[in-house]
Every structure is written in structure tokens, then in C-alpha cells.
Amino acid sequence: MYSSVHIRSLGLTPPQFDIVATLGNTPGMSPKELGEKTLITKGTLTGVVDRLEDKGLVRPDRLASDGRGQNRAVDEGRG
């Protein structure tokens with residue numbers, strides 16, 4: 001387990017780290033799935049994911065089955 005000090009030294013907050021760690025080597029997941037796995041509420045999750053996108057650590061992926069929905073995935077091209 002990583003300490004809060006170590007997580008902050010990476011430039012992340014604990015909730016941001018939880019999201020990146022949860023997405024890990026997955027192809028991505030919906031905000032609903034991500035919230036269920038991290039236990040972060042929908043309102044908080046949106047802001048945390050937006051900040052991770054701004055840092056280039058997470059990217060949105062449109063769902064092929066529904067152009068309105070988006071999964072989130074770790075952006076492997078950055079970092």
C-alpha cells in the first residue's frame with residue numbers, strides 16, 4: 001500500500017491515485033463502474049477525473065455502442 005506522502009510526491013491526491021490504480025491495465029471503464037470500484041461519489045468523481053484529464057493521465061473514450069457515453073482509461077502516451 002502506498003502512503004499519502006508518497007502519493008502526493010507523485011503529484012496526485014489519494015482519490016486521483018485510486019482512480020489511476022483502479023483503471024490500471026484495464027481497457028477503461030464507465031464513470032459508474034469507476035465510482036463503484038473506488039467508492040467515490042458521482043459528484044466528486046467528475047471533478048477528480050477532470051483534473052486527471054487535465055494532467056494527461058486519463059483520457060475519455062467514446063463507447064462504440066453509444067456515442068453519448070464515455071469510458072475513462074489511463075493515457076499510456078503521457079506521464
Side-chain angles (χ1 to χ4, degrees):
M1 201 72 179
Y2 292 96
S3 72
S4 181
V5 172
H6 180 72
I7 291 167
R8 291 199 184 278
S9 76
L10 299 172
L12 299 172
T13 65
Q16 289 173 334
F17 181 83
D18 285 347
I19 289 172
V20 172
T22 299
L23 288 172
N25 291 322
T26 71
M29 57 183 69
S30 71
K32 181 179 179 182
E33 290 175 289
L34 195 51
E36 289 170 354
K37 293 199 180 288
T38 61
L39 303 177
I40 298 173
T41 62
K42 183 180 177 183
T44 301
L45 183 68
T46 300
V48 174
V49 169
D50 287 348
R51 286 186 287 282
L52 287 170
E53 286 180 18
D54 290 345
K55 290 182 178 201
L57 297 173
V58 172
R59 62 177 158 64
D61 284 338
R62 291 259 179 230
L63 298 175
S65 61
D66 180 356
R68 296 172 296 163
Q70 290 186 343
N71 278 348
R72 296 298 190 270
V74 172
D75 189 347
E76 297 176 21
R78 305 274 303 241

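Note that the coordinates shown come from a computational prediction; the quantities given were computed from them, not determined experimentally.
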message: Quick test of your reading: applying ring pair (Phe, Tyr, Trp, His ring centres under 6.0 Å), list the pairs with at least one residue in residues 22-60, sequence neighbours left out, ordered by first then second residue.
response: none

query: Tell me, which pairs form a ring pair (Phe, Tyr, Trp, His ring centres under 6.0 Å) where one or both residues lie in residues 4-46, sequence neighbours left out?
result: Tyr2-His6, Tyr2-Phe17

task: With sequence neighbours excluded, tell me which residues meet side chain to side chain contact (heavy atoms under 4.5 Å, CB included) with Thr41.
output: Thr44

- request: Report the residues that fulfil side chain to side chain contact (heavy atoms under 4.5 Å, CB included) with Glu33, sequence neighbours left out, ordered by chain and then residue number.
  value: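 Side chain to side chain contact (heavy atoms under 4.5 Å, CB included) check on Glu33 returns Met29, Ser30.
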
- prompt: Looking only at heavy atoms, which two atoms of Gly11 and Gln16 are closest? And how far apart?
  reply: O-OE1, 4.1 Å

task: Of all the heavy-atom pairs spanning Leu39 and Glu36, show the shortest one and how long it is.
output: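 Here Leu39 and Glu36 meet closest at CD2-O, 3.6 Å.
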
Is there a side-chain contact between [X] and [Y], using heavy atoms and a 4.5 Å cut-off?
X: Pro31; Y: Leu45; result: yes
X: Arg8; Y: Pro14; result: yes
X: Leu12; Y: Lys55; result: yes

task: Quickly, which of Leu23, Ile40, Leu34 forms a side-chain contact (heavy atoms from CB on, under 4.5 Å) with Val49? Name it, please.
output: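 Considering Leu23, Ile40, Leu34, a side-chain contact (heavy atoms from CB on, under 4.5 Å) with Val49 is found only for Leu34.
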
- request: Would you give the length of the straight line joining atom CD1 of Ile7 to atom CG of Asp18, rounded to the nearest 0.5 angstrom?
  value: 7.0 Å

- prompt: Rounded to the nearest 0.5 Å, what separation is found between the CG atom of Leu52 and the CZ atom of Arg59?
  reply: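 Here the rounded value is 13.5 Å.
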
